[in-house]
Colleague: 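First, the structure itself, so that you have it in front of you.
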Amino acid sequence: MNWQGWAEIALTLGLALALGWPLGIFMSRVWNRESTWLDPILRPVERVFYAAGGIDPGKSQGWLGYAGSLIAFNVAGFVLLYAMLRLQHLLPFNPQGFAGVSPDLAFNTAVSFVTNTNWQSYGGETTMSHFTQMAGLTTQNFVSAATGATIAAAFARAFAGNRETGVGNFWADLIRTTLYVLLPASLVLGIALVGMGVVQSLAASVTATTVEGASQTISVAPAASQLAIKQLGINGGGIFNVNSAHPLENPNPLSNLATAVAINTLGWAAFFAFGRTALANKNIRALATAAIVILAAGAAVIYVSEAQPAPALVAAGIDNPVYMEGKETRFGIAGSSAWAAQTTGASNGSVNAMHDSFSPLGGGMAMLLMLLGEILPGGIGSGIAIMVVMAVLSVFVAGLMVGRTPEYLGKKIEAREIQFAMVAVLIAPLSVLGLSATAIFFPGALDSLWNAGPHGLSEVLYAYTSTTANNGSAFGGLSANVPYWNTTLGIAMLLGRFVPIVAVLAIAGSIVAKPRLAPSTGTLPTTGPLFVTLLIGIIIILGALQYFPALALGPIVEHFQVLEAIAAK
Amino acid sequence: MRSGARVGPHNLEARDMLDVVFLGLGIAILALSLGLARLLARV
């Protein structure tokens, strides 16, 4: 550890938060259909989409109609992407001549990209054609990110509304977020990444001569364009199997910083956009404060854990300063730790180091950041939506303690909202713990594990955590490209995505119909340090209560095993 | 199409049935989400 390392982590986390503020104001203007400086170019394009789809953007939908449109859009996206994956051998831009993927992998991959997870059971450069990457996966990177944003837009309008029924128009929110926010931001970042040396090519490969004189074939791909949206859209994954540890996807420290910052920028922007749209800037700044405090603490734990000597080398009597297995020497411990925190605090999941090789506590912290609900800042919109659910639970708990009816952002919180909030929050432990337990007992499922004991359990837990949280990063010691894992991980992604979406929209529908109340002397302040502390407590206690027994059997016991092994030497 | 070939599920091969299973699974879970929404609307 050194001050440069701490400064790099602070810069990465801080830049994303700082950039999120102005972008959040812009995003809110897009959601609210206010004028923007992009109107002269994009308004005509927007009208074409409305005309083609027969959409009246001014027609506000009730929450059930909004949810129905969202699910219908995702059914169509899933079927289309599934077909594209199965038939890629018949489609153009396939210079490597890849065959169509198997049905179980097509299911897993289609679900993965539709749900904004980007879990990849395959190696991109050896499985997917350029057409699949560009027309299938990258398209879903845009629209799945925009789908997440629509939830926050609807939820924010619900708090701003006063005895209304509509929460907005899903199709307008989807189109406007894609056109005005995601496309321009990706264009700028994509071109900048090409300038930094990220590969962008439709060729199959290039041939190089090694220093020994041998011939080496190196796969190339249209990587920069996908990299831009998969970071900004908080999708994750990547064209190359090792994501941003690959020198053609992440060639230097500048590209590493730019893409690490990009992971969380629009997630924070969605926080601030929510605050502006819900007329509650101060309250949402308090939520952002709680989120950045937990994220920074998580990054610090990972950095401290990874900046220790590798125990196996210590045990062998070899002097070594830090854990470097599975990490890029170009990025080092701080660069890997900052990325690991950013990618798991957000629902991104791209990696620049192999999380399976992290120390037990470092890898365990990456897992915990996902288990806390992907709210630090989580996905675009989906993160702030679940964070607001956490805030609703916090005011409910506080209301119970002081004996008053809880209120949040000017709306009374009653039994109905708490019931829906519990649906949104409890689906995650049901999926993570239920599917992990099933896998452990299911005959043959554990044949895919490369490790036994606590680390093997961590690999199983990490897989279902990552997919349920729609993160997509992985402990690589689990060979998941077999029917059992492709199927069950796909189910986890669907449950983790759509059950909370439906529950949040149901809360929105309930909230929007209520009168907007002015704060009174009996209202719990939700802007100050007291509320931030309460919220952090609720988030951590929820995570600890639900998952502590499982984590104790995985990364925590593995940590003590490592200490014991070192002591024995 | 060869003469006399039957059209429909009878001439689906096993691997085609897997497509039906996986497409059906994805659509079913998404449809269940909509079912959950309708259930919550009644609460």
Side-chain angles (χ1 to χ4, degrees), chain A residues 62-79 81-83 85-87 100 102-112 114-115 415-417 419-420 423-424 427 483 486-488 490-507 509-510, chain B:
Chain A
W63 81 267
L64 198 55
Y66 199 98
S69 299
L70 186 151
I71 290 170
F73 177 73
N74 280 277
V75 167
F78 165 70
V79 172
L81 185 52
Y82 183 95
L85 289 161
R86 292 284 288 134
L87 302 173
S102 66
D104 57 295
L105 181 59
F107 168 75
N108 183 281
T109 307
V111 167
S112 179
V114 164
T115 57
R416 188 175 157 86
E417 290 79 39
Q419 287 165 0
F420 297 166
V423 172
I427 189 66
N486 276 335
T487 307
T488 57
I491 292 169
M493 289 186 259
L494 287 168
L495 292 177
R497 176 71 164 177
F498 291 102
V499 173
I501 282 180
V502 164
V504 165
L505 289 176
I507 299 172
S510 178
Chain B
M1 184 185 296
R2 69 180 166 81
S3 174
R6 288 190 297 174
V7 177
H10 301 294
N11 60 356
L12 286 173
E13 296 179 16
R15 67 170 185 273
D16 300 322
M17 287 307 295
L18 279 178
D19 285 328
V20 174
V21 167
F22 282 112
L23 275 169
L25 181 62
I27 294 168
I29 296 176
L30 282 157
L32 279 174
S33 305
L34 198 57
L36 174 68
R38 298 185 72 86
L39 184 70
L40 295 182
R42 287 185 196 162
V43 173

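Below, read A as the first sequence line, B as the second, and so on, with proteins coming before strands; counting in each chain starts at 1. This structure is a prediction, so every number in the text was calculated from the model and none was measured.
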Colleague: Would you call Phe420(A) and Leu40(B) a side-chain contact if the rule is heavy atoms closer than 4.5 Å?
Modeller: yes
Colleague: Using the ring-ring contact (aromatic ring centres under 6.0 Å, His included) criterion, which residues pair with Tyr82(A)? Sequence neighbours excluded.
Modeller: none
Colleague: Specify the closest pair of heavy atoms between Phe78(A) and Leu23(B), including all atoms of both residues, with the distance to one decimal.
Modeller: CE2-O, 3.7 Å
Colleague: Look at Asn108(A), Val114(A), Val423(A), Val75(A) and state which one has the largest set of heavy-atom pairs under 4.5 Å with chain B.
Modeller: Val75(A)
Colleague: Non-hydrogen atoms of chain B under 4.5 Å away: do they reach the side chain of Asp104(A), the backbone, both or neither?
Modeller: both
Colleague: What is the minimum heavy-atom distance between Ala41(B) and Leu64(A), and which atoms define it?
Modeller: CB-CD2, 4.1 Å
Colleague: Quick one: what part of Ile501(A) sits under 4.5 Å from any heavy atom of chain B, side chain, backbone, both or neither?
Modeller: neither
Colleague: Measure across Ser33(B) and Phe498(A) and return the closest heavy-atom pair with its distance rounded to 0.1 Å.
Modeller: OG-CB, 3.3 Å
Colleague: Taking all non-hydrogen atoms of both residues, which atom of Ile27(B) and which atom of Val79(A) are closest, and how far apart?
Modeller: CD1-CG2, 3.8 Å
Colleague: So which part of Leu36(B) gets closer than 4.5 Å to some heavy atom of chain A, the side chain, the backbone, both or neither?
Modeller: both
Colleague: Side chain, backbone, both or neither: which part of Val111(A) has a heavy atom under 4.5 Å from chain B?
Modeller: neither
Colleague: Would Thr487(A) and Phe22(B) count as a side-chain contact (heavy atoms from CB on, under 4.5 Å) here? Give the steps.
Modeller: CA-CA 8 Å; Thr487(A) 307; Phe22(B) 282 112; 3.3 Å; yes
Colleague: Does a side-chain heavy-atom distance below 4.5 Å link Ile491(A) with Leu25(B)?
Modeller: yes
Colleague: Identify the heavy atoms of Leu30(B) and Leu494(A) that sit nearest to each other, and give their distance.
Modeller: CG-CD2, 4.3 Å
Colleague: Between atom CE of Met493(A) and atom CD1 of Ile29(B), what is the distance when rounded to the nearest 0.5 Å?
Modeller: 10.5 Å
